[in-house]
Protein chains: 2
Amino acid sequence: MLHEEVVGRVRAMLLDGEIPPGARIPERDLCEKLQISRTPLREALKVLAAEGLVQLLPNRGSRAARLTDKDMRDLFEVCQGLEALAGELACERITDAEIADVAAAHAEMARHYGDRDLLQYYRCNRYIHEAIVAAAGNPVLSGLYDSVTARIRRARYVTPMTPRRWALAVQEHEAILNALQRRDSVGLSHILRAHLRHKRDEVLQAGFAETEPQDEARAS
Amino acid sequence: MLHEEVVGRVRAMLLDGEIPPGARIPERDLCEKLQISRTPLREALKVLAAEGLVQLLPNRGSRAARLTDKDMRDLFEVCQGLEALAGELACERITDAEIADVAAAHAEMARHYGDRDLLQYYRCNRYIHEAIVAAAGNPVLSGLYDSVTARIRRARYVTPMTPRRWALAVQEHEAILNALQRRDSVGLSHILRAHLRHKRDEVLQAGFAETEPQDEARAS
DNA sequence: AAAATCCAATTTGAATGCAAAAATGGCTAT
DNA sequence: ATAGCCATTTTTGCATTCAAATTGGATTTT
């Protein structure tokens with residue numbers, strides 16, 4: 001089905017920053033870039049608008065959603081709640097094999113921390129969080145989590161990671177893994193919340209772009 | 001914008017049960033019923049599919065999503081998390097005026113309980129929950145909450161309310177209002193969770209339809 | 001008689017066309 | 001020279017059209 005394909009591709013373009021926040025999205029240009037007609041593209045844009053990644057202006061086309069400071073705060077707030085819930089549920093339902101998988105990812109992440117390889121570290125980090133959410137065994141939760149994290153990730157142009165914060169994050173991840181292994185749902189929930197609160201502060205303090213009026217950026 | 005209008009109308013048809021779960025949705029029929037062409041309808045269906053209200057079958061059209069027992073359980077699980085979070089945030093941010101509003105709705109609900117007016121009771125009930133979520137002041141949270149509750153509401157054809165359960169629900173609402181007035185975020189969060197857990201049990205025990213194979217229901 | 005196959009008719013998926021709204025550029029007037 | 005206004009052009013929104021896939025039934029074959 002062409003429509004799904006288009007949604008995926010455009011979403012990827014948005015998440016990769018190929019279409020920067022606030023950029024207008026001329027249908028015609030994207031059509032010829034994707035080699036499709038306007039109909040499936042417009043369907044895709046409507047879906048992405050429902051997901052909150054695109055903003056539809058009546059008779060004036062669509063633009064990549066731009067996030068205010070408040071939006072970011074709200075997203076993190078919800079993300080905290082979702083991950084805390086996921087953590088609780090995961091403790092009840094996670095299998096030993098899944099725990100082992102998370103532990104392995106954690107170990108790999110620790111190695112990348114040792115190497116100060118930020119990119120690989122982030123990859124493992126994300127994998128772990130997603131694994132915990134998946135272990136909750138709740139597709140509805142997973143879906144909302146994906147939607148929220150996608151919007152958050154969209155904004156992370158560059159988050160400067162101070163040595164201090166990084167060390168704290170690793171420490172928190174130790175606690176996360178520990179709580180998971182003990183299947184301590186309450187503990188895990190609290191740690192995840194704190195972990196995300198810190199990440200939020202990190203992102204918000206960075207300013208995460210968006211304040212600059214890159215008004216007429218184009219999606220070329 | 002016609003597209004938004006159509007999404008709203010079709011969503012209402014789905015929530016009102018005018019299009020029953022599992023029913024096929026022939027585009028042509030709905031088009032002439034809504035007096036529009038297929039293009040905006042198809043856009044709307046894609047959006048509703050993204051919301052989880054409609055299921056898209058490749059080359060075979062769309063049908064109203066049908067919920068399994070597991071889906072229902074998952075939805076309630078997430079709803080619990082969202083309302084608990086909303087309750088916590090509301091306690092921090094709710095104004096005295098908003099509390100008074102909830103209190104008034106609560107009083108009205110109690111009256112309807114006295115009259116055993118289930119319909120009006122439900123109306124107030126829903127208003128209260130929505131007011132608490134709104135008081136959290138987090139549009140992202142509100143959006144997800146709406147999406148989840150819409151899907152839940154879709155399934156409750158008839159939930160037989162036993163006198164026992166009803167009394168308990170009212171009692172819980174007393175506690176909810178109380179916690180809100182004391183701005184006891186932890187307490188409110190717990191009460192809301194328990195309240196929703198009970199509602200879930202209520203719905204699940206009722207079987208909430210869906211088990212019967214109303215396979216070829218039509219959206220006429 | 002039952003099953004498989006083929007053909008017509010309906011329905012979906014995508015492209016194109018057309019009308020309306022908005023943006024752009026040029027022109028005039030002050 | 002600049003501000004305001006009008007015409008042109010572009011872009012959006014929706015309807016229509018065309019092609020492909022599916023469905024249902026009739027025919028044929030075993």
Side-chain angles (χ1 to χ4, degrees), chain A residues 1-14 19-66 213-220, chain B residues 1-14 19-66 213-220:
Chain A
M1 196 183 296
L2 185 48
H3 153 72
E4 296 286 344
E5 170 82 13
V6 175
V7 172
R9 296 230 8 214
V10 177
R11 179 165 32 215
M13 292 171 91
L14 289 165
I19 303 177
R24 294 209 42 198
I25 304 176
E27 296 177 359
R28 204 170 166 284
D29 297 7
L30 249 187
C31 281
E32 66 184 38
K33 180 180 290 191
L34 298 178
Q35 292 294 331
I36 55 173
S37 89
R38 284 178 53 216
T39 306
L41 175 63
R42 287 174 58 81
E43 289 171 353
L45 288 175
K46 302 280 192 297
V47 171
L48 292 169
E51 286 180 23
L53 285 172
V54 163
Q55 185 181 5
L56 260 49
L57 310 167
N59 286 319
R60 292 177 58 198
S62 43
R63 57 174 39 187
R66 60 174 32 184
Q214 57 183 116
D215 223 12
E216 287 315 314
R218 285 252 158 190
S220 69
Chain B
M1 196 182 294
L2 185 48
H3 154 72
E4 296 286 345
E5 170 81 13
V6 174
V7 172
R9 294 229 15 209
V10 176
R11 178 164 34 213
M13 293 172 90
L14 290 165
I19 303 176
R24 294 209 40 198
I25 303 176
E27 296 177 359
R28 203 171 167 284
D29 297 7
L30 248 188
C31 281
E32 66 183 39
K33 181 180 291 192
L34 298 178
Q35 292 293 332
I36 55 172
S37 89
R38 284 177 54 215
T39 306
L41 175 62
R42 287 174 58 80
E43 289 171 353
L45 288 175
K46 301 279 193 297
V47 171
L48 292 170
E51 287 180 23
L53 286 171
V54 163
Q55 185 180 5
L56 262 49
L57 310 167
N59 286 319
R60 292 178 55 197
S62 43
R63 57 174 40 187
R66 62 172 32 182
Q214 57 184 114
D215 222 12
E216 285 315 315
R218 285 252 158 190
S220 69

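The sequence lines fix the lettering, A, B, ..., with proteins before strands; numbering per chain opens at 1.
Among the nucleotides D:dA15, C:dG13, D:dC14, the one closest to the side chain of B:L2 is D:dC14. Side-chain proximity of B:P40 to the nucleotides C:dG13, D:dT12, D:dA15 is greatest for D:dA15. In the set D:dG13, C:dT11, C:dG13, the nucleotide with an atom closest to the side chain of B:R28 is C:dT11.
Note: CG (B:L41) to P (C:dT11) measures 14 Å, nearest angstrom. For the pair B:K46 NZ and C:dA14 C1', the computed distance is 10 Å after rounding to whole Å. As rounded to whole Å, 14 Å separates atom C1' of D:dT11 from atom CG of A:L45. In this structure, B:R42 places its CZ atom 14 Å from C1' of D:dC14, rounding to the nearest Å. In this structure, the CD atom of B:E5 is 15 Å from the C1' atom of D:dC14, given to the nearest Å. Distance B:R63 CZ to C:dT12 P: 12 Å, rounded to the nearest Å. Put simply, CG on A:L56 is 10 Å from P on D:dC14, counting in whole angstrom units. Rounded to whole Å, atom P of D:dC14 lies 16 Å from atom CZ of B:R38.
Not one side-chain nitrogen or oxygen of B:T39 sits closer than 4.0 Å to the OP1 or OP2 atom of D:dC14.
Taking all atoms of both residues into account, the shortest heavy-atom contact from A:E27 to A:L41 is O-CD2, 3.4 Å. When all heavy atoms of B:A64 and B:I25 are compared, the closest pair comes out as N-CD1, 3.8 Å. Considering all non-hydrogen atoms of both residues, B:L56 and B:S62 come closest at CD1-CB, 3.8 Å.
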Test side chain to side chain contact (heavy atoms under 4.5 Å, CB included) applied to B:V10 and B:L53, step by step: CA-CA 10 Å; B:V10 176; B:L53 286 171; over 6 Å; no
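Counting heavy atoms from C-beta on, the side chains of A:M13 and A:L30 come closer than 4.5 Å. Proximity of A:V47 to A:H3: side-chain heavy atoms (C-beta onward) are separated by under 4.5 Å at one or more points. Residues A:R9 and A:V6 have side chains not in contact (no heavy-atom distance under 4.5 Å, counting atoms from C-beta outward).
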Could you list all N or O pairs between the protein and nucleotides 19-25 of chain D that sit under 3.5 Å apart?
residue : atom : partner : partner atom : Å
D:dT23  : OP1  : B:R60   : NE           : 2.9

